[in-house]
S.K.: 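Pasting a structure below so you can have a look.
Worth knowing before you read on, the calculation uses all heavy atoms, side chains too, and leaves out hydrogens, waters and symmetry mates. Quantities reported herein were computed from a predicted structural model and do not represent experimental measurements.
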Amino acid sequence: QKEVEQNSGPLSVPEGAIASLNCTYSDRGSQSFFWYRQYSGKSPELIMFIYSNGDKEDGRFTAQLNKASQYVSLLIRDSQPSDSATYLCAVNDDKIIFGKGTRLHILP
Amino acid sequence: DTGVSQDPRHKITKRGQNVTFRCDPISEHNRLYWYRQTLGQGPEFLTYFQNEAQLEKSRLLSDRFSAERPKGSFSTLEIQRTEQGDSAMYLCASSPGLAGYEQYFGPGTRLTVT
């Protein structure tokens, strides 16, 4: 059974600081990795995807992938109160296998 | 393109009743997925379709659950003889291509079984 592990949090970060979210995955053969943001009562929203080792940047978001360590992370720069949400790490295995999510709270 | 849509958004039903949910994917997306999410958990895979073919079903999908995508466009998920444990958010997602492509979610249908 393939698994994705995340710290459930909550992770509290001051406004304007960098939020760092991490996850690990069990299947060394996994190829595609995603970060979804989910506000309370809403559906997941895709914010980043990464397929290759290294960093991928999109605006204030940077996804990092280390396949040797089976580790994926998401950095959010200049954190805003609107970034307060649950962040779901996911691995694509035809269907998506999600972690339980990390709750992020940006402190004004 | 209006994104993935789901209907209804909310459903309250009594234990033992049957319910049916509908999902309309993004046009030209040939893959359609169903997930279930309960409070404090990530979404859990239920089943998916490539066009009209149902390619995989999770062991979470008991024989009370059935899904169809008859013309390769919209899909329905039916739950027969609902139980209180079926209360959850049912999410539909679509994807433009084969394995590995990103998936886009609809707003979900929240089911409450009383």
S.K.: Check each atom of B:E56 against the heavy atoms of chain A and say whether the ones under 4.5 Å are side chain, backbone, both or neither.
M.R.: side chain

S.K.: If you take all heavy atoms of A:L88 and B:P43, which pair is closest and at what distance?
M.R.: CD1-CD, 3.9 Å

S.K.: Assess A:K95 against B:F45: is NZ or CZ under 6.0 Å from the centre of the six-membered ring, and within 45 degrees of the ring's axis?
M.R.: yes

S.K.: Which residues in residues 97-108 of chain A have any heavy atom closer than 4.5 Å to a heavy atom of chain B?
M.R.: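 The stretch touches chain B at A:F98, A:G99, A:K100.
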
S.K.: Can you say whether A:F33 sits under 4.5 Å from chain B via the side chain, the backbone, both, or neither, judging by heavy atoms?
M.R.: neither

S.K.: Tell me every residue that passes side-chain contact (heavy atoms from CB on, under 4.5 Å) with B:D24, counting only those two or more places apart in sequence or in another chain.
M.R.: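 Residues passing side-chain contact (heavy atoms from CB on, under 4.5 Å) with B:D24: B:S5, B:R22, B:F74.
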
S.K.: Report yes or no: do B:F49 and B:F105 belong to one cluster of Ile/Leu/Val/Met/Phe/Trp/Tyr joined by side chain heavy-atom distances under 4.5 Å?
M.R.: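 In one cluster: no.
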
S.K.: Is B:Q6 close to chain A through its backbone or its side chain, or both, or neither, when contacts mean heavy atoms under 4.5 Å?
M.R.: neither

S.K.: Taking a hydrophobic cluster as the set of Ile, Leu, Val, Met, Phe, Trp and Tyr residues connected by side-chain heavy atoms closer than 4.5 Å, whether directly or through intermediates, do B:W34 and B:V113 fall within one such cluster?
M.R.: yes

S.K.: Under a 4.5 Å cut-off applied to non-hydrogen side-chain atoms, are B:Q103 and A:Y36 in contact?
M.R.: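 The answer is yes; the side chains approach within 4.5 Å.
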
S.K.: Take atom NZ of B:K11 as the centre, draw a 6.0 Å sphere, and report whether it contains more than 12 heavy atoms from other residues, nucleotides or ligands.
M.R.: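 At most 12 heavy atoms, drawn from other residues, nucleotides or ligands, come within 6.0 Å of this atom.
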
S.K.: For residues B:F21 and B:Y48: do they belong to one hydrophobic cluster (side chain heavy atoms under 4.5 Å, members Ile, Leu, Val, Met, Phe, Trp, Tyr)?
M.R.: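 No, B:F21 does not connect to B:Y48 through the hydrophobic network.
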
S.K.: Does CD belonging to B:E68 count more than 12 external heavy atoms closer than 6.0 Å?
M.R.: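 At most 12 heavy atoms, drawn from other residues, nucleotides or ligands, come within 6.0 Å of this atom.
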
S.K.: Restricting to side-chain contact (heavy atoms from CB on, under 4.5 Å), what partner residues turn up for B:E78, sequence neighbours left out?
M.R.: B:N18, B:T20, B:S66, B:Q80

S.K.: Is any side-chain heavy atom of A:I96 less than 4.5 Å from a side-chain heavy atom of B:Y35?
M.R.: yes

S.K.: Indicate if B:L55 and B:L91 have the same hydrophobic cluster label, given that clusters are the connected sets of ILVMFWY residues with side-chain heavy-atom separations under 4.5 angstrom.
M.R.: yes

S.K.: Between B:R59 and chain A, which part of the residue has a heavy atom less than 4.5 Å away: side chain, backbone, both or neither?
M.R.: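 Answer is side chain: those atoms of B:R59 sit under 4.5 Å from chain A.
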
S.K.: Answer yes or no: are there more than 12 heavy-atom neighbours, outside B:R15 itself, under 6.0 Å from its atom CZ?
M.R.: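 No.
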
S.K.: Taking A:L74 as the starting point, is it possible to reach A:I50 by hopping between hydrophobic residues whose side chains are less than 4.5 Å apart?
M.R.: yes

S.K.: Is it true that, when you exclude A:K56 itself, more than 12 heavy atoms of the residues, nucleotides or ligands shown sit nearer than 6.0 Å to its NZ?
M.R.: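 Correct, the count exceeds 12.
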
S.K.: If the contact rule is any heavy atom under 4.5 Å from chain B, which residues of residues 41-48 of chain A qualify, in numerical order?
M.R.: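 So the qualifying residues are A:G41, A:S43, A:P44, A:L46.
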
S.K.: Do you know which two heavy atoms are closest between B:E102 and A:Y51, and how far apart they sit?
M.R.: OE1-OH, 3.0 Å

